[in-house]
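Some notes on the structure that comes next.
Whatever order the structure lists ligands and atoms in, that order sets their numbers, starting from 1.
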Amino acid sequence: MKQMNNPPDFELVDMDIDGPCVHIKINRPDKFNALNVKLISELCEAFEWTAKRSAGAIDAVHDESGEQYLRVLILSGQGKHFCAGADINMMRDAGANTPEENRKDSERLDKLFNSLWAHPCFTIGLIQGVALGGGAGLVSCLDHVIATENMRIALSEGKLGILPAVIGPYVYRKLGSAQFRRLAMLAGRINVSEAQRVGYVETIVPTLEDAIEEAQKVVSEVLTTGPSAVTLAKELTLGFDRWNGTDEELRNWTLDFTSRMRGSKEGQEGLSSFLEKRNANWKPEE
Ligand code: COA
């Protein structure tokens, strides 16, 4: 079966596959891409569908027919703003619902952020306009963020009398404890240069077109890295994030990880290709 056939059809999400890259575009511009139940469900499905077809998760560059598995996911939002956060109508209705329904709603949001955070592909965000609340959450879950000069970002929940709890772990990991705490309390928008200073943003460009061009440079770099190395770098980082054993246990864990990578199919191919002065099988033809 050809893996890339029949991608799911969405109403509020556009998904374009171009070889090893998938571009997922949030398409609810009349509400500034606010995350309602339908949009959250569609994004979760898009992340799940693409994760299952990623080279890193499958540990192969292409299927039997030669069709490439996915290695890079680009996320962007249609219109003036990247994302105005969770849909405020949805959150108000959830608060008035039973505790079980209210929790189900938060679980849906949690799945959204976690499936982007844990996605096996290298993820790049193209961010314009505002990224508020859940929008800042999405930004924090990405591996590499390219923002336009007009970008503004906020953990704005505090202004609504709620807190950035569901997105918290990802923002905290991205910015660190002090900046997360400060920005959650201030809850106001910061501009793109401060966003870059605190660690939300890698590169600032004038327009979204420039962001797309800049993303291509990042894609070219990622495609020369082993796909499983990309995916497992996330597992390695999570191991450090969560470590609560002794330092000695940590050092042993890194030794096991290193041995596992050296002995892997991809590790053997990467090391052999270097010594044989040839391209590794995951490198695109020049
Ligand atoms: N949820 C639901 N609807 C939203 C929304 C959200 N998070 N953000 C914007 N909208 C809707 C507005 O209600 C409005 O709908 P209407 O056309 O039916 O009246 C429409 O999007 C346009 O918003 P508006 O405020 O009129 O536009 P603006 O250009 O003045 O401001 C924003 C745009 C995004 C800066 C502003 O709407 C805003 O601050 N939104 C709240 C974002 C927020 O706090 N999110 C965090 C949630 S935790």
With atoms numbered from 1 as shown, which atoms in ligand 1 lie under 4.0 angstrom from a non-hydrogen atom of [X]?
| X | answer |
| --- | --- |
| Met91 | 47 (C), 48 (S) |
| Leu132 | 39 (O), 42 (C), 45 (N) |
| Glu157 | 48 (S) |

Would you say [atom] has a protein heavy atom nearer than 4.0 Å?
| atom | result |
| --- | --- |
| atom 12 (C) of ligand 1 | no |
| atom 18 (O) of ligand 1 | yes |
| atom 25 (O) of ligand 1 | no |
| atom 44 (O) of ligand 1 | yes |

Heavy-atom pair of closest approach, residues [X] and [Y]:
| X | Y | result |
| --- | --- | --- |
| Pro227 | Ala55 | CB-CB, 3.6 Å |
| Asn33 | Phe82 | ND2-O, 3.0 Å |
| Ile24 | Ala46 | CD1-CB, 3.9 Å |

Is it true that the side chains of [X] and [Y] contain a donor and an acceptor less than 3.5 Å apart?
| X | Y | result |
| --- | --- | --- |
| Asn97 | Asn102 | no |
| Thr98 | Glu101 | yes |
| Asp210 | Thr207 | yes |

Would you mind checking which non-hydrogen protein atom is closest to [atom], with the distance to 0.1 Å?
| atom | result |
| --- | --- |
| atom 41 (C) of ligand 1 | Ile88 CD1, 3.9 Å |
| atom 31 (O) of ligand 1 | Phe32 CE1, 4.1 Å |
| atom 39 (O) of ligand 1 | Arg189 NH2, 3.5 Å |
| atom 46 (C) of ligand 1 | Ser156 OG, 3.3 Å |
| atom 20 (C) of ligand 1 | Asp30 O, 4.0 Å |
| atom 6 (C) of ligand 1 | Ala34 CB, 3.6 Å |
| atom 8 (N) of ligand 1 | Ala84 CB, 3.5 Å |
| atom 15 (O) of ligand 1 | Lys31 NZ, 3.3 Å |

Ring-face cation contact, Trp253 with Arg251, 6.0 Å cut, 45° max: no
Side chain Glu249, main chain Thr246, donor-acceptor under 3.5 Å: yes
The single option from Leu12, Asp87, Leu112 passing side-chain contact (heavy atoms from CB on, under 4.5 Å) against Ile40: Leu112
Asp143: partners by side chain to side chain donor-acceptor pair (under 3.5 Å), with sequence neighbours left out: Thr123, Lys234
pair Leu73-Phe47: side-chain heavy atoms closer than 4.5 Å: yes
Beyond-backbone contact of Pro20 with Leu223, side-chain heavy atoms, under 4.5 angstrom: yes
Could you tell me whether ligand 1 has any atom less than 4.0 Å away from a heavy atom of [X]?
| X | result |
| --- | --- |
| Ala86 | yes |
| Arg28 | no |
| Met90 | no |

Structural part of Leu160 in contact with ligand 1, heavy atom criterion under 4.0 angstrom: side chain
